[in-house]
Amino acid sequence: MYSTQKIQSGNVRVVDLRSDTFTTPTPEMLRAMVEAEIGDDVYGEDPTLIKLEQRAARDMGKEAGLFVISGTMGNLLAIMVHCNGRGEEVIVGNMSHTFLYEQGGAAQLGGVQLATLPNLPDGTFSLDLFRKSIRHFDDHEPVTKLVVIENTHNLCGGRVIPLEWIQQVKEICKENNILMHMDGARVYNAAAHLKIPVSEITKYFDSVTFCLSKGLSCPVGSVLVGTKDFIARARRLRKALGGGIRQGGILAAAGIVSLDSVVPILEGDHRRTKRIAEAIDKLRSPNFKVDLENVQTNILMVQLIDIDVKATEFVKRLQEVRNEEIAANVTDKDGRGIVVKISARDWGFCRLVVYIQITDEDTELAIKKISFVIREFEKK
């Protein structure tokens with residue numbers, strides 16, 4: 001049995017892997033924010049914000065862009081613009097962020113129904129079920145107007161949606177006059193994994209939202225892109241949602257830097273995520289498993305198998321430092337204990353997310369602590 005005594009909580013090294021929303025602006029971003037040329041965006045006169053929107057649209061192969069406060073706002077605006085008639089429906093995956101974690105905003109604020117299809121492990125859903133779920137004009141049913149695809153797929157372990165599957169969805173949508181929106185919060189990670197320009201992914205979609213404030217290290221914001229007409233209507237709706245932005249160039253300046261300097265190094269986050277996965281896999285634990293072959297980007301899921309331990313208990317233990325760890329040299333180079341923060345709810349898995357501020361040293365410290373705790377649970 002191990003001692004329940006804990007050492008002083010202040011004398012620890014923290015590696016926070018809960019989410020890439022914990023990124024902070026780089027020094028270059030902070031300088032750009034201070035020096036940004038700004039105006040009033042509600043009047044269409046903030047030059048830095050205009051520059052970001054144009055840059056994002058160009059990168060994504062679209063006509064225009066719109067800075068929004070969050071990916072949730074971007075997705076909601078897309079749904080409300082595309083589904084502008086009464087009694088319309090959107091098809092989404094049942095594990096998608098839009099369905100699970102956006103407070104039902106499509107119904108709550110947009111009057112739009114979401115219909116779900118079971119997500120497969122790779123983040124896709126059955127094309128056959130998709131065809132069968134499409135509903136046309138009928139006195140009794142809503143009309144399917146839009147499909148939303150998440151890429152990379154968060155709860156499917158940061159998986160990159162296969163382009164071939166997206167092409168097949170596009171063909172079905174064309175046949176049935178259905179529009180396509182991508183919740184591309186981490187679409188630049190998808191492009192980095194596939195080693196292709198992001199526009200090669202987004203070209204199939206009528207609109208795309210991507211996040212600046214996740215792995216791209218900006219303090220606030222996302223960008224919604226689409227046609228000029230689509231963005232004009234989205235801008236009007238953004239105002240109704242309370243999203244009129246004045247001197248937004250202060251935030252946009254960080255976004256421009258992120259596209260220039262963070263996007264090119266996203267592969268480093270993927271490499272560090274894979275390193276943690278390989279270390280856990282190497283333990284050959286019967287109870288803590290990773291799908292090593294399908295760790296593609298900066299998200300790692302650790303499955304808890306046939307063990308009488310909740311994911312939340314594992315998470316809590318990783319945030320404790322005990323004397324036994326110090327004795328076993330589970331410390332940093334200064335002899336401090338290691339705290340690792342990861343995510344779990346009432347799931348059978350935990351989630352780790354790597355981002356630009358997580359260094360190679362942080363990665364090795366996280367591996368040291370996670371390995372120690374997994375072995376500890378195996379002894380119980």
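Just so you know, these numbers use all the heavy atoms, side chains as well, and skip hydrogens, waters and symmetry mates.
Within the 4.5 Å cutoff, side-chain heavy atoms of Cys350 are placed close to those of Val315. The side-chain heavy atoms of Ile299 and Arg351, taken from C-beta on, include a pair separated by under 4.5 Å.
Crowding of Gln319 atom CD: a count of heavy atoms from other residues, nucleotides or ligands under 6.0 Å exceeding 12. Heavy atoms from other residues, nucleotides or ligands lying under 6.0 Å from CD of Glu164 number 12 at most. Dense packing is recorded around CD of Glu267, with more than 12 heavy atoms of other residues, nucleotides or ligands lying under 6.0 Å away. Counting non-hydrogen atoms of neighbouring residues, nucleotides and ligands closer than 6.0 angstrom, the CG atom of Asn177 reaches no more than 12 such neighbours.
Between the side chains of His270 and Asn189, at least one donor N or O sits under 3.5 Å from an acceptor N or O.
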Applying side-chain hydrogen bond (donor to acceptor under 3.5 Å, both in side chains) to Asn75 and Glu102, what does each step give before you reach the verdict? CA-CA 9 Å; Asn75 290 336; Glu102 296 180 8; 3.0 Å; yes
Stepwise ring pair (Phe, Tyr, Trp, His ring centres under 6.0 Å) test for Phe130 and Trp165: CA-CA 12 Å; Phe130 176 44; Trp165 181 84; 8.0 Å; no
Between Val14 and Lys341, is a side-chain contact (heavy atoms from CB on, under 4.5 Å) present by the stated rule, with each step listed? CA-CA 8 Å; Val14 178; Lys341 296 183 178 183; 4.1 Å; yes
Can you check side-chain hydrogen bond (donor to acceptor under 3.5 Å, both in side chains) on Gln296 and Thr273, steps first, answer last? CA-CA 9 Å; Gln296 297 177 334; Thr273 306; over 6 Å; no
Tyr355 vs Phe22, ring pair (Phe, Tyr, Trp, His ring centres under 6.0 Å): CA-CA, chis, key distance, verdict: CA-CA 8 Å; Tyr355 47 92; Phe22 285 92; 7.2 Å; no
From CA spacing to verdict: side-chain hydrogen bond (donor to acceptor under 3.5 Å, both in side chains), Asn287, Ser285: CA-CA 5 Å; Asn287 297 314; Ser285 167; 5.0 Å; no
Apply side-chain contact (heavy atoms from CB on, under 4.5 Å) to residues Lys274 and Val295 and explain how you reach the verdict. CA-CA 6 Å; Lys274 190 82 166 186; Val295 177; 4.1 Å; yes
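Looking at Gln113, its side chain never comes within 3.5 Å of a backbone N or O of Pro142 through a donor-acceptor pair. Using modelled atom types, one side-chain atom of Lys145 and one backbone atom of His82 make a donor-acceptor pair closer than 3.5 Å. Asn176 contributes a side-chain N or O that, together with a main-chain N or O of Ile172, makes up a donor-acceptor pair within less than 3.5 Å. Between the side chain of Lys289 and the main chain of Gln303, no donor-acceptor pair closer than 3.5 Å is present. A donor-acceptor pair is defined here as one N or O able to donate and one able to accept, closer than 3.5 Å; such a pair exists between the side chain of Lys62 and the backbone of Thr202. With hydrogens and angles disregarded, no donor-acceptor distance shorter than 3.5 Å links the side chain of Thr144 to the backbone of Glu89. Distance alone, capped at 3.5 Å, places no donor-acceptor pair between the Ser96 side chain and the Glu150 backbone. Glu200 contributes no side-chain N or O that, together with a main-chain N or O of Pro197, makes up a donor-acceptor pair within less than 3.5 Å. Thr124 places no side-chain N or O within 3.5 Å of a backbone atom of Leu120 that could act as its donor or acceptor partner.
The distance from atom CE of Met95 to atom OH of Tyr101, rounded to the nearest 0.5 Å, is 7.0 Å. Note that NZ of Lys51 is 12.0 Å distant from CG of Asp46, once rounded to the nearest 0.5 Å. In this structure, CD1 on Ile196 lies 10.0 Å from NE2 on His193, to the nearest 0.5 angstrom. Atom CD1 in Ile250 sits 9.0 Å away from atom OG1 in Thr48 (nearest 0.5 Å). Expressed to the nearest 0.5 Å, how far OG1 of Thr209 lies from CG of Leu224 amounts to 4.5 Å. Note that CG of Asn94 and CG of Leu114 are 12.0 Å apart. Values are rounded to the nearest 0.5 Å.
Using cut-offs of 30° and 60° on the angle between ring planes, the pair Phe288 and Phe314 is tilted.
No continuous path of ILVMFWY side-chain contacts below 4.5 Å connects Leu266 to Ile358, so the two sit in separate hydrophobic clusters. Linking Ile, Leu, Val, Met, Phe, Trp and Tyr whenever their side-chain heavy atoms come within less than 4.5 Å puts Met182 and Ile91 in one cluster. Under a hydrophobic-cluster definition in which Ile, Leu, Val, Met, Phe, Trp and Tyr are linked whenever side-chain heavy atoms come within less than 4.5 Å, directly or via other members, Leu77 and Val90 are assigned to different clusters. Val148 and Ile134 fall into different hydrophobic clusters, where Ile, Leu, Val, Met, Phe, Trp and Tyr residues are linked whenever their side-chain heavy atoms come under 4.5 Å apart, directly or through other members.
The two residues Cys156 and Asn119 have their closest heavy-atom pair at SG-CB, 4.4 Å. The shortest heavy-atom contact between Ser222 and Ser70 is OG-C, 3.4 Å.
Its side chain within the 4.5 Å cluster rule, Val143 clusters with Phe137 among the Ile, Leu, Val, Met, Phe, Trp and Tyr residues.
Here the options are Thr26, Asp20, Thr24, the test is side-chain contact (heavy atoms from CB on, under 4.5 Å), and the partner is Ile356; only Thr26 passes. With respect to Val187, the side-chain contact (heavy atoms from CB on, under 4.5 Å) criterion is satisfied by exactly one of Ile201, Thr152, Val160: Ile201. With Asp41 as reference, Arg235 is the one residue of Arg235, Lys239, Arg246 to meet the salt bridge (Lys or Arg N to Asp or Glu O under 4.0 Å) rule. Applying side-chain contact (heavy atoms from CB on, under 4.5 Å) to Asp332 and the options Lys369, Lys368, Glu364, Arg13 leaves one that passes, Arg13.
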